Amino acid sequence: MRKLLILGAGIYQVPLIKKAKKMGLYTIAASYAGNYPGLSLADETWEVDTTDAVRLTALAKQADISGVCTSGTDVAILSLGTICEELGLPGVPLACARLVTDKARMKRAFFHHKVSTPEAFPVTSLSDAREAFKKLAPPVIVKAVDSSGSRGVTRADTFDELAEAYQAAKSVTKKDYVLVERFLTSKEEIGVDGFISNGKIRFLLPHGKFTHTTNGTTLPEGHFFPYCCTPSLEREITTQMERAITAVGMNNCAVNADVLINDGHAFILEIGARAGATCIPELISTYCGFDYYEQMIRQALGETPDFTRKVSRPCMAKLLFSGLDGILTDISQETLAMLRRSCIDLSLDYPVGAHVEKVENGTSRIGQVILETSSEQELNKMMSRIRQTIKVNGVDLETLWNE
């Protein structure tokens, strides 16, 4: 039986594990110990930090795996690239993995290949950050260069805010530098997902993004397909994505990018060598009619993925968040069961009695909702009904969300 190593066992790796098992593969989930749902689903688990490329590579050789993949996280990409290179497996090249997991190095590659992207400076001290702040002119965005899920990403309009943002980024990074980036005023931030296989871009799909702002940080709340724009803007998005993909040397992997639209121009903020989180693979599967998780797995095994579009079904998704730290004290299962009949997916990450965290970044989710619809109003109405059925510390999520 062929073995598939999946890096991570969190909520965004669970669909990969389930799909691989349905495909008749022996699944191995690698993750450090914790309450991760994928650990109980995989055929075998390795208690290893997904950033420990050396140990993971040694274990992968010993296990004689047939492929390795992940989804929804940048943390494991460097290990994935190392395993692929050392074992000769199809997947993201190691050189690319090094670039896309360091936002400062990624920026340099973008500038070299004339990718449209906001100006930025890596800084190793607060005094350097102040100099970058002066050059760029406020506001700026301060970023940890090796994080994902909006962790360590903060807007700063003043020197005082800059100091706080700098410390916030330093607190989550393993590097000795952070990135200070020009803040572009934009009415629209979108995402672009796609796939590169055997040196060819198999598809690129821009998609709309729902965002939520907390503590000065904007984080993704959800996405929608399709994203409608003028033909000229669509061409520019494609051109800038092609340059960015070339700049970092992507191949045999999914691609996920954050893009700002400003006065009809597309600016690539950053790009990842994996499928996006926040329900993006499920939305792509619904919108296009092929199982995106299955195609990612086929690529990881060295098979030819099939990205033939079969349908065009507009769809949207949003995450469920809590407005405070606390305990899930009540979930109306009967009401949720009724609401599920109208959803492509309505799932909760935690049972009654579990501790949940106040929304701080993209990892604070407590569930997800996916609808086949082109109406945000319809999705918001469904979100409101669902939030009313779930309570934290005795208060329903809808009340907490609107405070």
Side-chain angles (χ1 to χ4, degrees), residues 8-18 31-41 71-73 75 147-151 153 172 209-215 217-224 275-283 315-371 376 379-403:
I11 196 66
Y12 291 124
Q13 290 80 53
V14 164
L16 276 176
I17 297 171
K18 289 182 175 179
S31 169
Y32 54 76
N35 187 27
Y36 300 107
L39 294 176
S40 62
L41 295 174
S71 181
T73 178
V75 173
S147 67
S148 59
S150 301
R151 290 185 296 272
V153 179
V172 299
K209 183 180 293 187
F210 302 120
T211 60
H212 175 72
T213 301
T214 178
N215 298 328
T217 300
T218 299
L219 55 92
E221 183 189 1
H223 298 88
F224 62 89
T278 324
C279 310
I280 288 175
E282 289 85 353
L283 289 169
C315 48
M316 297 181 169
K318 285 189 176 181
L319 300 183
L320 289 162
F321 295 109
S322 173
L324 82 168
D325 290 328
I327 304 298
L328 272 175
T329 50
D330 184 50
I331 300 174
S332 176
Q333 297 293 353
E334 184 176 346
T335 304
L336 284 180
M338 178 189 68
L339 295 175
R340 279 193 177 97
R341 300 188 191 109
S342 302
C343 301
I344 293 173
D345 181 74
L346 193 178
S347 54
L348 301 180
D349 303 339
Y350 302 97
V352 169
H355 179 269
V356 297
E357 297 178 351
K358 178 180 178 180
V359 55
E360 295 289 344
N361 52 60
T363 66
S364 305
R365 54 167 283 166
I366 63 173
Q368 64 184 32
V369 181
I370 306 174
L371 287 186
E376 186 182 2
L379 176 60
N380 286 340
K381 187 180 295 185
M382 176 63 73
M383 296 295 294
S384 177
R385 294 177 68 187
I386 293 168
R387 285 194 288 257
Q388 290 173 35
T389 71
I390 304 168
K391 294 182 179 180
V392 175
N393 292 352
V395 184
D396 66 79
L397 293 184
E398 180 69 3
T399 299
L400 295 171
W401 190 250
N402 291 322
E403 286 182 346

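These numbers come from a predicted model, not from an experiment.
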Quiz item: Are L400 and K358 close enough that some pair of their side-chain heavy atoms sits under 4.5 Å apart?
Solution: no
Quiz prompt | I344 and E282: CA distance, side-chain angles, deciding distance, side-chain contact (heavy atoms from CB on, under 4.5 Å) verdict | solution = CA-CA 9 Å; I344 293 173; E282 289 85 353; over 6 Å; no
Quiz item: Looking at V359, L320, T278, L319, which hits side-chain contact (heavy atoms from CB on, under 4.5 Å) with R365?
Solution: L319
Quiz prompt | Residues which pass salt bridge (charged side-chain N to carboxylate O under 4.0 Å, His left out) with K209, listed by chain and number, not counting sequence neighbours | solution = E189, D258
Self-check item: Derivation and outcome, side-chain contact (heavy atoms from CB on, under 4.5 Å), residues Q13 and Y36
Solution: CA-CA 10 Å; Q13 290 80 53; Y36 300 107; over 6 Å; no
Exercise. Can you label the angle between the F321 ring and the H212 ring as parallel, tilted or perpendicular, going by 30° and 60°?
Key: parallel
Quiz item: Testing S347, C279, C343 for side-chain contact (heavy atoms from CB on, under 4.5 Å) with V369, which one passes?
Solution: C343
Quiz item: Sub-3.5 Å donor-acceptor pair from the side chain of T329 to the main-chain atoms of G394, do we have one?
Solution: yes
Self-check item: Steps toward side-chain contact (heavy atoms from CB on, under 4.5 Å) verdict (L336, I386)
Solution: CA-CA 7 Å; L336 284 180; I386 293 168; 4.0 Å; yes
Quiz item: Is there side-chain contact between I366 and L397, with heavy atoms separated by less than 4.5 Å?
Solution: yes
Quiz item: With distance as the sole test, does D396 use its side chain to make a donor-acceptor pair with the main-chain N or O of I390 at under 3.5 Å?
Solution: no
Quiz item: For S384 and E398, what are the C-alpha separation, side-chain angles and deciding distance, and is it a side-chain hydrogen bond (donor to acceptor under 3.5 Å, both in side chains)?
Solution: CA-CA 6 Å; S384 177; E398 180 69 3; 3.0 Å; yes
